[in-house]
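The next block holds one structure in the form of structure tokens; read it before the comments.
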Amino acid sequence: MSFKTNPLEQAFRRPNVNLRSNPFTNQYWTTVSHTLPALLYDGYLTLMGRKPRMMKTITRLHKAMMVLEYFTSHSWVWNTDNMAMLLAQMSPEDKKIFNFDVRQLHWAEYMENYCMGTKKYVLNEELSGLPAARKHLNKLRNIRYTFNTILVVFIWRIFIARSQMARNIWYFVVSLCFKFLSYFRASSTMR
């Protein structure tokens with residue numbers, strides 16, 4: 001969420017993190033979410049006479065992801081009994097000096113600061129570019145929604161053209177929507 005409110009300047013896609021325990025679903029979504037868009041973009045760059053670069057970037061990203069895959073695809077249970085025992089035995093002064101109680105940490109603020117620090121110090125991006133980056137991220141969101149809508153309508157039209165049952169479901173849903181809208185129109189005029 002922090003990278004959506006404070007996006008990167010040259011984002012190619014909207015940031016999204018999904019951790020999966022099943023290696024087959026993980027491989028499927030990696031292919032659908034990373035490899036296919038990279039291949040499409042590289043094809044576009046090749047058609048425009050420019051050097052393809054996204055597959056190289058995605059390959060580097062996947063190598064970094066493979067380092068973390070063992071930790072992100074398994075379930076972990078951490079025992080904090082020793083930390084709780086040590087914390088209970090510490091004096092109030094020691095608790096101020098050695099503040100390691102993560103229960104006091106406000107995680108939303110921590111992640112916000114982490115993302116802003118990554119943006120500023122690791123990626124060397126200026127914070128003054130945030131409004132333009134937000135506009136770019138909104139444009140990417142609108143492109144994604146438009147593409148998904150067109151894809152759903154296109155696939156649905158294929159099914160409607162071939163199946164009587166799909167046509168019946170479509171007409172039922174549309175008539176239900178119209179009844180719902182007419183109900184709200186009628187109830188709004190009663191006030």
Side-chain angles (χ1 to χ4, degrees), residues 1-78 105-127 129-163 166 169-170 173:
M1 193 60 197
S2 295
F3 274 125
K4 287 181 181 176
T5 55
N6 302 306
L8 303 175
E9 287 179 4
Q10 297 177 351
F12 178 69
R13 294 186 59 206
R14 296 180 70 221
N16 190 14
V17 176
N18 289 309
L19 304 177
R20 294 174 186 84
S21 59
N22 186 328
F24 296 112
T25 58
N26 186 36
Q27 184 62 38
Y28 170 77
W29 283 112
T30 299
T31 303
V32 169
S33 298
H34 296 169
T35 308
L36 289 178
L39 285 170
L40 289 173
Y41 189 65
D42 278 351
Y44 168 76
L45 289 176
T46 303
L47 288 174
M48 292 295 145
R50 294 165 51 192
K51 183 179 175 185
R53 66 176 195 258
M54 283 308 293
M55 276 309 294
K56 182 179 177 183
T57 304
I58 288 296
T59 304
R60 287 183 12 220
L61 175 70
H62 285 181
K63 285 180 182 176
M65 286 171 45
M66 293 305 286
V67 171
L68 300 172
E69 182 178 10
Y70 180 77
F71 300 102
T72 59
S73 62
H74 289 85
S75 178
W76 301 95
V77 177
W78 300 100
L105 198 60
H106 187 256
W107 285 101
E109 182 182 346
Y110 174 81
M111 288 307 294
E112 182 84 17
N113 290 336
Y114 177 82
C115 292
M116 293 301 282
T118 301
K119 183 176 174 60
K120 185 174 182 179
Y121 298 109
V122 175
L123 300 173
N124 296 323
E125 292 184 0
E126 292 295 324
L127 299 181
L130 276 175
R134 285 187 188 117
K135 281 184 181 179
H136 179 67
L137 197 65
N138 285 338
K139 186 192 303 184
L140 290 175
R141 182 198 64 207
N142 293 341
I143 290 170
R144 179 180 174 202
Y145 289 164
T146 303
F147 175 77
N148 288 347
T149 303
I150 291 170
L151 186 66
V152 166
V153 167
F154 178 73
I155 290 172
W156 187 251
R157 289 299 298 166
I158 289 173
F159 284 123
I160 286 177
R162 296 177 188 244
S163 168
I169 292 171
W170 174 253
V173 169

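- In this structure, I58 CD1 and K63 NZ are separated by 13.0 Å, a value rounded to the nearest 0.5 Å.
- How far CG of L45 is from CG of L40: 11.0 Å, rounded to the nearest 0.5 Å.
- Within the 4.5 Å cutoff, no side-chain heavy atoms of M54 are placed close to those of L39.
- Atom CG of N124 and atom OG1 of T118 lie 11.5 Å apart (nearest 0.5 Å).
- The local environment of CZ in R141 is crowded, with over 12 non-hydrogen atoms from other residues, nucleotides or ligands closer than 6.0 Å.
- Nearest heavy-atom pair across P52 and T46 is CG-OG1, 3.6 Å.
- For the side chain to side chain contact (heavy atoms under 4.5 Å, CB included) criterion with R144, the lone passing option out of N148, L140, T146 is N148.
- No more than 12 heavy-atom neighbours from other residues, nucleotides or ligands sit within 6.0 angstrom of CH2 on W78.
- How far CE of M66 is from OG1 of T30: 9.0 Å, rounded to the nearest 0.5 Å.
- Across all non-hydrogen atoms, the minimal contact from K119 to E126 is CE-O, 4.4 Å.
- To the nearest 0.5 Å, atoms NE2 (H62) and OG1 (T57) are separated by 11.0 Å.
- In plain terms, the two heavy atoms of M55 and D42 that are nearest each other are N-OD2, 2.9 Å.
- By the 4.5 Å heavy-atom criterion applied to side chains, N113 and H106 are not counted as neighbours.
- Remark: Y110 OH to Y114 OH distance equals 7.0 Å, nearest 0.5 Å.
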